[in-house]
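In this text, all values refer to a predicted model and were calculated from it rather than measured experimentally. Each chain gets a letter, A, B and so on, in the order its sequence line appears, and its residues count up from 1. In what follows, every heavy atom counts, from backbone to side chain, and hydrogens, waters and symmetry copies are set aside.
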Protein chains: 2
Amino acid sequence: MYNLILYNVYLLFNQKQMDYLKLENQACFPVYALSRVLTAHYKPILDGIDLTYPQYLVMLILWEHQELSVKEIGEKLLLDSGTLTPLLKKLENKQLISRTRSTADERVLMIRLSKNGATLKKKAVSVPESFKCSLGLSIEEMGALRDTINIILNRTKQINK
Amino acid sequence: MYNLILYNVYLLFNQKQMDYLKLENQACFPVYALSRVLTAHYKPILDGIDLTYPQYLVMLILWEHQELSVKEIGEKLLLDSGTLTPLLKKLENKQLISRTRSTADERVLMIRLSKNGATLKKKAVSVPESFKCSLGLSIEEMGALRDTINIILNRTKQINK
DNA sequence: CAAAATTAAATTTTGTACAATTTAATTTTA
DNA sequence: TAAAATTAAATTGTACAAAATTTAATTTTG
C-alpha cells in the first residue's frame, strides 16, 4: 500500500506513466497463474484417489451436503452445466455419485453421494495436509491468502448481483 | 491474521477441529474461482480486439519484447507447448505474429510481432481501464491483490526451483 | 567422432470452461 | 386454461491446459 503510493509519487515526479500493458503490472495474470500452479500441486495428490481438481471440489461439496441439484453445485463452484454435466457423468461412471431427476420437478437433476463416494472421504482426509506440505506455505499464509481472495471474490460477486 | 488466531483459540476452546475438507476452508478454490471471474470480466472487452485472455497475455509479452521463443513465452506465462502451439498458430492466422525457426538452432521457434500485431497495441491501450471499470475495484485494491498473489506465486516458484 | 543424452516443439489424449442453442418441464399471465 | 415466458440440463462448438509421446536438432561424452 505504502509502496504503491511511493511508486506513484515516483512516477509523478519522473513524469512517467504506469504501463498497464506490461505483464508485471497485471493483477489478473498472477491469479490466473497461481490457480494453475495450485492445481498442479493438487494433481499428484488427487491422482491417489483418482480425482481431478474440479471433481475433488464437487466431492467436497457432496461430503458436506449429500444431495444437491446440478444448479446448486454450479452456484457454489461458479460453474455452469456445460462444465458440470460431463464432469458429473464421469463421477457417476466412477460410482461416486448418482444422478436422478427430481420427482417434484423433472427439470432438476439431483446429485447424490453414493456409498463409494462417502467412503472416499476417509481416503481424502489426508489431502489437505499433503497439499500443504507440497506447497510449502504455512497454515497462516494459506489462511491469509484464502481470506484476501475471498474478499475480492465477494466484492466482484456483489457487483454482479 | 488476528481473526485466524482468534478462530484457532475458539476451535481449541471448543475442542473442535478445523474441517479442511469444507469448501469454505479451501485456499485454492477462491483462487481458482477468482481466476475464472476475472477472465470472464476480460471476455467482452477482449472480444473488441478479437483476442482471448491467454492470447492477450501473449500479445502483452510481445508488445514488450517483439521477439521471443516459444520456450521463453512459456516460461513467462507458466504455460507449456501443448497450450502455446495451437494458441500461437491462431495468432499467426490472425496475422498478429510470425512463427519462424531460428537459423542458429532449428529446434527453436521464434515468435515475432507483425506489423498488424504492433498496431493492435494502440487499440489495446484502453483494455486495462475498461477492465478496471468492469471489475469495480480501485487501482489500490488491484495493486494490493497483484502484490499479495505475486508474493505467494514467487514463494511457490522458489520451492519448485 | 559417433552413440547417448538432452532439448525444443509438435502432437495426441483427456479434461475442463464457457457461450449459445436446444429440449423438456414448469410457471405465469392474458 | 392455453399460449408465452421462464427455468434446468444437455448439447454443440470453440478454446485452453497439462501429461505423455513423438520428432527433429543439438550437445555431451566415451
Quiz item: Over how many whole Å does the gap from B:Leu84 atom CG to C:dA9 atom P extend?
Solution: 10 Å
Quiz item: For the residue pair A:Leu38 and B:Cys28, what are the closest heavy atoms and their distance?
Solution: CB-SG, 3.3 Å
Quiz item: Between B:Met59 and B:Leu96, what is the shortest heavy-atom contact and its length?
Solution: CE-CB, 4.0 Å
Exercise. Heavy atoms under 4.0 Å is the rule here; annotate nucleotides 16-28 of chain D 5' to 3' with B where the base is hit, S where only the sugar-phosphate is, and - elsewhere.
Key: SBBB-----BS--
Quiz item: Is any side-chain nitrogen or oxygen of A:Arg99 closer than 4.0 Å to OP1 or OP2 of D:dA8?
Solution: no
Quiz prompt | Interatomic distance, B:Gln55 atom CD to B:Asp50 atom CG [nearest 0.5 angstrom] | solution = 7.5 Å
Quiz item: Over how many whole Å does the gap from B:Lys71 atom NZ to C:dA8 atom P extend?
Solution: 4 Å
Exercise. Look through every strand shown and name the nucleotide pairing with D:dG30 as Watson-Crick or G-U wobble, where both distances are under 3.5 Å.
Key: C:dC1
Practice problem: Could you tell me the separation between the CG atom of B:Leu68 and the P atom of C:dA8, rounded to a whole number of Å? | Solution: 14 Å
Quiz prompt | Candidates B:Leu137, B:Val37, B:Thr148 - the one meeting side chain to side chain contact (heavy atoms under 4.5 Å, CB included) with A:Ile152 | solution = B:Leu137
Quiz item: Can you tell me how far P of C:dA17 sits from NZ of A:Lys89, to the nearest Å?
Solution: 18 Å
Quiz item: Whole Å only: how far is the CZ atom of B:Phe29 from the P atom of C:dT16?
Solution: 15 Å
Quiz prompt | For atom CG of B:Leu88 and atom P of C:dT11, their distance in whole Å | solution = 12 Å
Exercise. Take the protein atom CG of A:Leu46 and the nucleotide atom P of C:dT16, then report the distance between them rounded to whole Å.
Key: 11 Å
Practice problem: Carefully, step by step, assess A:Arg146 and B:Gln26 under the rule side-chain contact (heavy atoms from CB on, under 4.5 Å). | Solution: CA-CA 7 Å; A:Arg146 183 195 63 216; B:Gln26 298 291 311; 5.9 Å; no
Quiz item: Can you check the A:Ile97 CD1 to D:dA9 C1' distance for me, whole Å?
Solution: 14 Å
Quiz item: Angle class for the B:Tyr42/B:Tyr56 ring planes (parallel below 30°, perpendicular above 60°, tilted otherwise)?
Solution: tilted
Practice problem: From the options A:Ile139, A:Val125, A:Val127, select the one residue that forms a side chain to side chain contact (heavy atoms under 4.5 Å, CB included) with B:Tyr20. | Solution: A:Ile139
Quiz prompt | Sugar-phosphate, base or nothing in reach of B:Ser69, heavy atoms under 4.0 Å | solution = sugar-phosphate
